[in-house]
Amino acid sequence: AKRRNKGRVVHAFGSGEAGRSQGAQLFRPAFADKRGQGAGQQVDSFGQSAERGRNKKRSAQMDTLKKVLRYIARYRLLVAVSLLLAALFVLVVIGGTLGVQGWRLYRATAAQKPIAGLYDEISSRPGFASCDQLPQTYIDAVISVEDSRFERHHGIDPAAIVRALWADLRTRSLAEGGSTLTQQLAKNELFTQEKQMARKAAEMFAARDIEDYYSKQQIFEMYAGSCYFGNQWSGVAQAAQGYFGKPTRELTRAECVVLAGLPNAPSVYAANGELARRRALVVVERMERAKKLTHTQALELRDEVSALPLW
C-alpha cells in the first residue's frame, strides 16, 4: 500500500528531478508572497516610526520657539513699562523743578508789581477801553481767536495746553503756547516775552491769582488795554485811532476783526496790510467755529473784510 501511495504521489508530480522541480514551483509563490508581505509591513512600520520621530522633533522645536517668543514678549513688555516709568519720573522731576522756579519768579515779580494794583494801572493808560466802549464783535472776535474757553476756565486751560504741546512736538518748536487771555495778560504786564519754561510756570501762578482777584470783564479789559498792536500802539483804543482814525465804539465789524487779529504778530501785520487781511479772515473762521457767527453771517463778514481798505 505504501509503495502504491508513493507511486501515486510520484505519479502526481512526476518522477525524479522533474517531479521535485514541479513541486517546488507549485509551493514557491505562496512562500514568496508571505515573505514579500512581511518585508512590506516592516518597511511601512519603519516609515511610520520615522515620520512620528520627525513630527515629534518638529513639535519640540515649535514648543521651544513658542517659549522663546513668550519670553521675548515678556521682556519687551518689561522694557516698555520700565521706560514709561522712567519717563514719568523724569517728567515729575522736571515739572517739580520748573514749578519751583516758576513760583519763585512769580513771587519776586509780584513783590515789585502787586496783582492788586494791576487794573488801576492799566485803566489809566490812553489805550484802555472798558467793555461798554467796545463793540460786541470785537469782544467775540478776540475770545474766539485767542481763548475760546475764556468764560469757562479759571486762568489755565489744560485742554489748550495739551493741544499746544502736541502741536509743538509735531513741529519741533515752541510756536504754540496754549496760553489763556489771563496768562497773556500776566506775560504782557509781569514778565518778559522770552519763551522759557520757568516763565511759563510763573504765568500760570500769576493767572490763578489774577482770576481770583478780578472778574472776567476786568480781565478782558486789561488784556485789550495792554496788548501791543504794532506801530508803537498799545491798547485797543490807541490801535483804533492809529489804524482807522476813530474811537473804539465806532469801529465797523470788519475793523473789529482786523484789530482782533493783530496782536498775534503785530510787527508783521502792521507792515503788511494783506497779511493782516488774511489773519482777519482766520479770525472770522474761528468765530464761526466758536458759534459766535452763523455760516451766513461769516460769509457776509468775510466779504466785508475783503472789501476793507487797509494800509
Side-chain angles (χ1 to χ4, degrees), residues 119 121-151 160 177 179-189 193 216-294 297-311:
Y119 186 83
E121 179 187 345
I122 296 174
S123 62
S124 64
R125 298 174 187 172
F128 180 85
S130 61
C131 280
D132 58 1
Q133 296 173 316
L134 295 172
Q136 187 63 42
T137 300
Y138 176 76
I139 297 173
D140 291 342
V142 171
I143 292 176
S144 298
V145 76
E146 294 292 343
D147 185 5
S148 60
R149 290 165 49 84
F150 173 68
E151 296 165 339
S179 296
T180 62
L181 285 183
T182 315
Q183 287 177 260
Q184 294 182 53
L185 170 62
K187 178 182 67 176
N188 293 340
E189 292 299 315
Q193 300 297 312
K216 288 290 185 180
Q217 178 177 320
Q218 289 175 313
I219 292 170
F220 184 89
E221 290 173 349
M222 287 190 288
Y223 169 80
S226 63
C227 277
Y228 181 61
F229 289 82
N231 288 326
Q232 306 301 315
W233 294 319
S234 292
V236 64
Q238 274 195 350
Q241 285 290 347
Y243 284 110
F244 300 112
K246 60 180 68 172
T248 54
R249 65 174 70 252
E250 297 178 9
L251 290 170
T252 67
R253 295 199 312 164
E255 291 167 346
C256 287
V257 170
V258 171
L259 289 181
L262 294 181
N264 177 257
S267 299
V268 175
Y269 299 136
N272 191 319
E274 284 309 308
L275 290 180
R277 191 188 311 279
R278 293 180 193 175
R279 173 63 178 172
L281 294 175
V282 172
V283 175
V284 175
E285 179 185 341
R286 298 287 182 85
M287 292 177 72
E288 183 182 0
R289 191 185 307 173
K291 308 300 183 183
K292 300 296 184 181
L293 296 173
T294 65
Q297 291 172 333
L299 291 177
E300 292 173 354
L301 187 50
R302 285 178 64 89
D303 292 340
E304 293 175 22
V305 171
S306 298
L308 180 66
L310 294 177
W311 48 95

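Numbers here are sequence positions counted from 1.
Listed here is the closest heavy atom pair of Ala298 and Val284: O-CG1, 3.6 Å. The minimum heavy-atom distance between Glu255 and Glu250, with the atom names listed, is OE1-O, 4.4 Å. Listed here is the closest heavy atom pair of Leu259 and Ala239: CD2-CB, 4.1 Å. Scanning all heavy atoms of the two residues, the minimum distance from Tyr138 to Ala224 falls at OH-CB, 4.0 Å. Nearest heavy atom pair, residue Gln217 against residue Cys131, reads CG-SG, 3.6 Å. Listed here is the closest heavy atom pair of Gly230 and Pro266: N-CB, 3.5 Å.
Val257 is listed as a side-chain neighbour of Met287, based on a closest heavy-atom distance under 4.5 Å. With contacts defined as side-chain heavy-atom distances shorter than 4.5 Å, the pair Pro135/Arg249 does not qualify. Between Phe220 and Ile139, some side-chain heavy-atom pair lies under the 4.5 Å cut-off. Looking at heavy atoms from C-beta onward, Tyr223 lies out of side-chain contact with Ile143 at the 4.5 angstrom threshold. Counting only heavy atoms from C-beta outward, the side chains of Pro126 and Gln238 approach each other to under 4.5 Å. Contact check for Pro263 versus Phe229: side-chain heavy atoms found under the 4.5 Å cut-off. Taking the side chain as every heavy atom from C-beta outward, Arg279 and Val145 approach each other to under 4.5 Å. Counting heavy atoms from C-beta outward, Ser226 and Arg125 have side chains that approach closer than 4.5 Å.
In this structure a side-chain-to-backbone donor-acceptor pair under 3.5 Å is missing from Arg289 to Ser144.
For CZ of Arg302, the number of neighbouring non-hydrogen atoms (other residues, nucleotides, ligands) closer than 6.0 Å is 12 at most.
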Show your reasoning for whether salt bridge (charged side-chain N to carboxylate O under 4.0 Å, His left out) applies to Arg278 and Glu274.
CA-CA 6 Å; Arg278 293 180 193 175; Glu274 284 309 308; 5.8 Å; no
With side-chain contact (heavy atoms from CB on, under 4.5 Å) as the test, would you mind laying out the steps for Arg253 and Glu300 before giving the verdict?
CA-CA 10 Å; Arg253 295 199 312 164; Glu300 292 173 354; 4.2 Å; yes
Hey, mind stepping through Val236 and Gln133 against side-chain contact (heavy atoms from CB on, under 4.5 Å) and telling me if it holds?
CA-CA 11 Å; Val236 64; Gln133 296 173 316; over 6 Å; no
Could you give me the CA-CA distance, side-chain angles and deciding distance for Glu189 and Ile122, then say whether side-chain contact (heavy atoms from CB on, under 4.5 Å) is met?
CA-CA 9 Å; Glu189 292 299 315; Ile122 296 174; 3.8 Å; yes
What do the steps show when you test Val258 against Tyr269 for side-chain contact (heavy atoms from CB on, under 4.5 Å), and what is the final call?
CA-CA 10 Å; Val258 171; Tyr269 299 136; over 6 Å; no
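The line from CG of Leu299 to OG1 of Thr294 is 8.5 Å long, rounded to the nearest 0.5 Å. Interatomic distance, Ser267 OG to Leu262 CG, rounded to the nearest 0.5 Å: 10.5 Å. Once rounded to the nearest 0.5 Å, the distance linking CG of Leu301 with CG of Leu281 reads 8.5 Å. For the atom pair CG (Leu185) and OG (Ser179), the distance works out to 11.5 Å, reported to the nearest 0.5 Å. Residue Phe128 holds its CZ atom at 3.5 Å from OH of Tyr119, rounded to the nearest 0.5 Å. Note that CG of Leu134 and CD of Glu221 are 7.5 Å apart. Values are rounded to the nearest 0.5 Å.
Remark: Ala270 engages Asn231, Tyr243 in a side chain to side chain contact (heavy atoms under 4.5 Å, CB included) (not counting sequence neighbours).
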